[in-house]
Protein chains: 2
Amino acid sequence: MTTDTDVLIAHCRESGQRITGPRRIIADVVAHAHDHPDISELHRRVAAIDPRISLSTVYRTLKVFAATGLIERHSFAGGRVRIEPAAERHHDHLINVDTGEVVEFRSDAIELLQAEVAKQLGFELTGYKLVLFGRRTAKSDEQGAPLRPNCE
Amino acid sequence: MTTDTDVLIAHCRESGQRITGPRRIIADVVAHAHDHPDISELHRRVAAIDPRISLSTVYRTLKVFAATGLIERHSFAGGRVRIEPAAERHHDHLINVDTGEVVEFRSDAIELLQAEVAKQLGFELTGYKLVLFGRRTAKSDEQGAPLRPNCE
DNA sequence: ATGCACATGCGAATGATTCTCAGTTAATAT
DNA sequence: ATATTAACTGAGAATCATTCGCATGTGCAT
């Protein structure tokens with residue numbers, strides 16, 4: 001139960017949501033999940049703290065958190081959705097196709113170009129989804145969260 | 001049954017696949033599907049030609065076509081997968097968040113930057129997924145295939 | 001303290017996709 | 001042409017992630 005968690009809780013309360021036991025715990029787990037876990041993994045961690053908390057509640061609470069912008073939901077591999085606490089600073093992801101490892105990065109240049117491209121097509125850019133897939137170049141292969149490599 | 005279709009058929013045969021009645025029809029429908037339909041929509045079109053063709057067969061055949069690189073499978077909106085015949089020239093997509101309209105575009109600059117970013121992170125870029133979301137700027141709103149706007 | 005709207009848990013429902021399996025059929029050899 | 005056989009197909013069951021329905025439980029404003 002750290003400051004991170006408190007921030008989540010605070011935002012949640014501000015947006016008129018009730019702070020319940022399950023939500024406290026889920027907020028706590030999410031705030032410390034810096035490895036882009038999927039929802040069953042989150043439920044596993046939550047259940048390790050309080051086994052009475054159901055998967056439904058995790059789904060529902062995450063939806064609430066997402067609606068308030070407290071977390072982000074990614075679908076890197078087409079299949080299950082993966083969660084990360086909302087970052088102060090926006091970033092994108094590179095997936096190691098060999099290990100599933102998720103690397104975060106940001107590039108202002110790419111974002112500028114995207115807005116530029118959209119404008120040229122007659123659109124105002126409201127959002128985008130960018131995921132890079134790659135393979136480590138002639139270096140040690142590091143660890144990585146299990147994730148189905150490749151993307152549909 | 002046009003040249004496009006024949007090309008699909010030819011590629012299919014080359015890769016050691018059998019050319020069956022259903023596959024002919026599916027190839028034909030896919031070759032003319034320039035609107036990124038989802039799989040049930042494809043099945044609808046296929047069934048309009050031969051109602052005996054099952055949804056399973058459409059799924060299976062599309063998987064075969066995809067494995068051979070004859071089509072591309074996109075998951076723009078998180079939910080169902082959408083199909084397009086493989087293009088000579090690679091391109092990305094911009095989704096009109098108001099109408100679901102899919103606009104194709106390409107930007108060498110963005111692709112160069114992506115490879116650059118990956119390299120800086122110590123990766124060789126093997127692929128990427130880029131989807132822009134936008135809203136038409138002060139112009140007539142055009143038509144668009146129905147698609148759930150926004151993306152998780 | 002109390003009430004009630006919102007939250008929870010459980011299991012059932014959904015929706016897309018995949019699998020199973022018995023019956024067909026294309027491609028190849030005869 | 002015909003037989004052979006491995007690949008293909010249709011129908012429905014199975015799977016998997018996610019959502020729903022509903023009876024019960026519980027924050028929190030009064």
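Just so it is clear: chains get the letters A, B, ... in the order the sequence lines come, proteins before strands, and each one is counted from 1.
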Using a heavy-atom cut-off of 4.0 Å across all strands, would you classify A:T20 as base, sugar-phosphate, or nothing? sugar-phosphate

Rounded distance in Å - CD1 (A:I19) to C1' (C:dC6): 12 Å

Expressed as a whole number of angstroms, how long is the span from A:Q17:CD to C:dA5:P? 17 Å

D:dT18 phosphate, OP1 or OP2: any side-chain N/O from A:R80 under 4.0 angstrom? no

Nearest-angstrom distance from the residue atom CD1 of B:I25 to C1' of C:dA26: 15 Å

Are B:H93 and B:F76, when compared by the centres of their aromatic rings, separated by less than 6.0 Å? yes

Check the phosphate of D:dG10 against B:S54, side-chain N and O only, distance under 4.0 Å to OP1 or OP2. Yes or no? yes

Interface with DNA chain C, restricted to residues 43-53 of chain A and to heavy atoms under 4.0 Å: A:R52, A:I53

Return the value, rounded to whole Å, for the distance between atom CG of B:L55 and atom P of C:dT18. 10 Å

Heavy-atom contacts under 4.0 Å between residues 58-72 of chain B and DNA chain C, which residues? B:Y59, B:R60, B:K63

Which of A:T20, A:I53, A:I71, A:I26 passes side chain to side chain contact (heavy atoms under 4.5 Å, CB included) with A:T61? It is A:I26

Assert: residue with more 5' nearest nucleotide on DNA chain D, out of A:S56 and A:S40, is A:S40

Between the base of C:dC6 and the side chain of A:R18, is one N or O donor paired with an acceptor at under 3.5 angstrom? yes

Report yes or no: do B:H91 and B:E84 form a side-chain donor-acceptor pair below 3.5 Å? yes

